[in-house]
Protein chains: 2
Amino acid sequence: MIEDKNQQRTPLSELGEFGLIDHLTKHFDVKHKSTIKGIGDDAAVLDFKSKQIVLTTDMLVENVHFDLSYMPLKHLGYKSVMVNLSDVYAMNANATQITVSIAVSNRFPVEALEELYSGIQTAAAVYGVDVIGGDTTSSTTGLIISVTAVGEVAADEVVYRSGAKPNDLLVVTGDLGGAYMGLQILEREKEVFKVNPQNQPDLDMYTYIIERQLKPEARKDIVKLLKDLEVKPTSMIDISDGLSSEIIHLCKHSDVGVELYENKIPLDPQVISTCEEFDIDSTTVALNGGEDYELLMTISQDDYPKIKANPNLSVIGFITEKSSGMHLVTRAEAKIPIVAKGWNALNNQE
Amino acid sequence: MIEDKNQQRTPLSELGEFGLIDHLTKHFDVKHKSTIKGIGDDAAVLDFKSKQIVLTTDMLVENVHFDLSYMPLKHLGYKSVMVNLSDVYAMNANATQITVSIAVSNRFPVEALEELYSGIQTAAAVYGVDVIGGDTTSSTTGLIISVTAVGEVAADEVVYRSGAKPNDLLVVTGDLGGAYMGLQILEREKEVFKVNPQNQPDLDMYTYIIERQLKPEARKDIVKLLKDLEVKPTSMIDISDGLSSEIIHLCKHSDVGVELYENKIPLDPQVISTCEEFDIDSTTVALNGGEDYELLMTISQDDYPKIKANPNLSVIGFITEKSSGMHLVTRAEAKIPIVAKGWNALNNQE
């Protein structure tokens, strides 16, 4: 276990619940004017003046969403914030505050929670959000992290899943499938480690995809980029479960169909080479892999000139009438219906 | 286990994650004008116009905060909402929205989660809050519920923990110690049940205190009452950990001392009689029991005439200079320092 590497082990009971909260949150400063009161009362108090606020929450559960045998606690803290900020950015909003609740068993020493919180603090600092509250409690077994993120947005800037129109372009940020292939590498190394704990793996050729899995970044930059480009997407969603799942969500909410071009799906060379190594189809990975935390959006064709030169944005298809259905157009120009095989936490449980 | 009583058992995997969320949340309607978009996008969208918002979150963990051998899932859903609304009311705010995240193992059938959500829905209906989002995921072991509550309040109406002044009156709502003694009864009956499962316990004489434990009510009525009486407390906090803990929080945040009168602490006759039966001191129970979800506040002496006739409010002491310390004045008129022995989730774990 990662946390066992700590030289110092202060039992949680030494601090008690209140002591632990104070101890873990003392470095959290308030930066946003909208944060009237952060940690330290029954509730935080926020003031967004005339802006609308967006609110989202996600829970990460040990051995379901993460495995501490290869996920450092600091990275886990960082990732648990990213997962939530990604949802805020998917509304075209500016993330401003988060709350963090953890349930943790006594097998974790205080130093392990300090690691976790240092990742949370780093994420909050890098992304400019205030940590305004949370809850710390014990669990009888594993570690559970629940984050709620708040963001602000002008009423006419909010982008929902439901605004896609026929002929809009389907656009995705970054590249896809990396987080999933990073996970495959980590799972493989875990098996190797079980057989030979002395083995020092050479992971240099997988650094990008491992980082995509262990330390994903939410696309705050895209919200700013879209503003700078004066493009307001007609719909937007973040890619947490895989491209096909999110396309289906978007089309269902917008009451439209889609044509997705296989040859347009952006893939990093490390994803392609690792897929070859594992003998997996890279399109399948991009469609169903999940955890990429990129943004999928639709934009009006009129906005195409504004985005076409941008390396952050790839046009991967276009929106059709609902009656045309949802299809993947393969490299061989065959049309295959898009079906959701996204990562499903409840089905995957063993 | 409560959930095993269900005749019908639909495995969670049959619905899948998205199906489960849809299934559980389809009855949640939006009632508040401030809820622009509830469930169904990456994040909820809220608009509070010129009001400030309060935000609070709490996590309930199986076998730490609740025991399903005597806590019906419907009650658990209801209580998990109350725990959070209580924090909103403690800011003198009006609760408007909640998000509910649950992590649950496959040992729970869909019908069990329906029970849980029916309690959540009942609480939302009774207290007039919109359920605007959440997360549903699997857990490898028990049930974890994380609720975030949002409320609205005019900027000049917010009441913090930090405003108590010397000579203010210390006031508490309702009565104390009931939830703790209810738990003692339930724990005792659990032990009896283990020995003799056929035993039908007669709990008639404990109905009030058992209800205080299993189905607590947050004091929404008090926020309205204070407004009607034109009383703005100088400080306020909810009693989740026990009176002594909360008094200490309030005094520390306000930089003041306190004198608490033992003979003024409001106790229900069932608490007194059950304490006698268990040979426990009822003052100790009121001070350290926790989970009462009453409100503790300080008010200016000028407001005393407005509250003195009200059966919901008991004056139990007064605020002093910090240098005077925090004391309980016993029935024998001895002064004893108040110390925190509140329910501590991390120390209590076995």
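All of these numbers come straight from a predicted model, not from anything done at the bench. Below, read A as the first sequence line, B as the second, and so on, with proteins coming before strands; counting in each chain starts at 1.
In this structure, chain B has no heavy atom under 4.5 Å from any part of A/Val100. Residue contact with chain B, scored on non-hydrogen atoms closer than 4.5 Å, involves the backbone and the side chain of A/Val54 alike. At a 4.5 Å heavy-atom cutoff, the contact between B/Ser101 and chain A is made by backbone and side-chain atoms alike. Proximity to chain B (any heavy atom under 4.5 Å) is restricted, for A/Ile102, to the backbone atoms N, CA, C and O. Contact of A/Thr57 with chain B is made through backbone and side chain together, with heavy-atom distances under 4.5 Å. The contact between A/Val45 and chain B is made by backbone and side chain atoms together, counting heavy-atom distances below 4.5 Å. If you measure heavy-atom distances from B/Val153 to chain A, you find no contacts under 4.5 Å at all. At a 4.5 Å heavy-atom cutoff, the contact between A/Ser146 and chain B is made by backbone and side-chain atoms alike.
Among B/Val64, B/Ile144, B/Asp58, the single residue meeting the side-chain contact (heavy atoms from CB on, under 4.5 Å) criterion with A/Thr137 is B/Val64.
Within the model, atoms NE2 of A/His65 and OG of B/Ser139 stand 10.5 Å from one another, a figure rounded to the nearest 0.5 Å. A distance of 7.0 Å separates CD in A/Gln52 from NZ in B/Lys49, rounded to the nearest 0.5 Å.
Closest approach of A/Val61 to B/Ala103, counting heavy atoms only: CG2-CB, 3.8 Å. In terms of heavy atoms, A/Asp42 sits closest to B/Ile237 at OD2-CA, 3.2 Å.
Per-residue counts of heavy-atom pairs under 4.5 Å with chain B were compared for A/Ser34, A/Gly142, A/Gly40; the largest is that of A/Gly40. Interface remark: of the candidates A/Leu55, A/Asp47, A/Leu60, A/Asn63, A/Leu55 forms the most heavy-atom pairs closer than 4.5 Å to chain B.
For the pair B/Asp41 (side chain) and A/Tyr160 (backbone), a donor-acceptor distance under 3.5 Å is absent.
Scanning residues 79-97 of chain A against chain B with a 4.5 Å heavy-atom cutoff picks out A/Asp87, A/Ala90, A/Met91, ordered by number.
Contact of the A/Glu62 side chain with the B/Thr140 side chain is not registered, since no non-hydrogen atoms from C-beta on lie closer than 4.5 Å.
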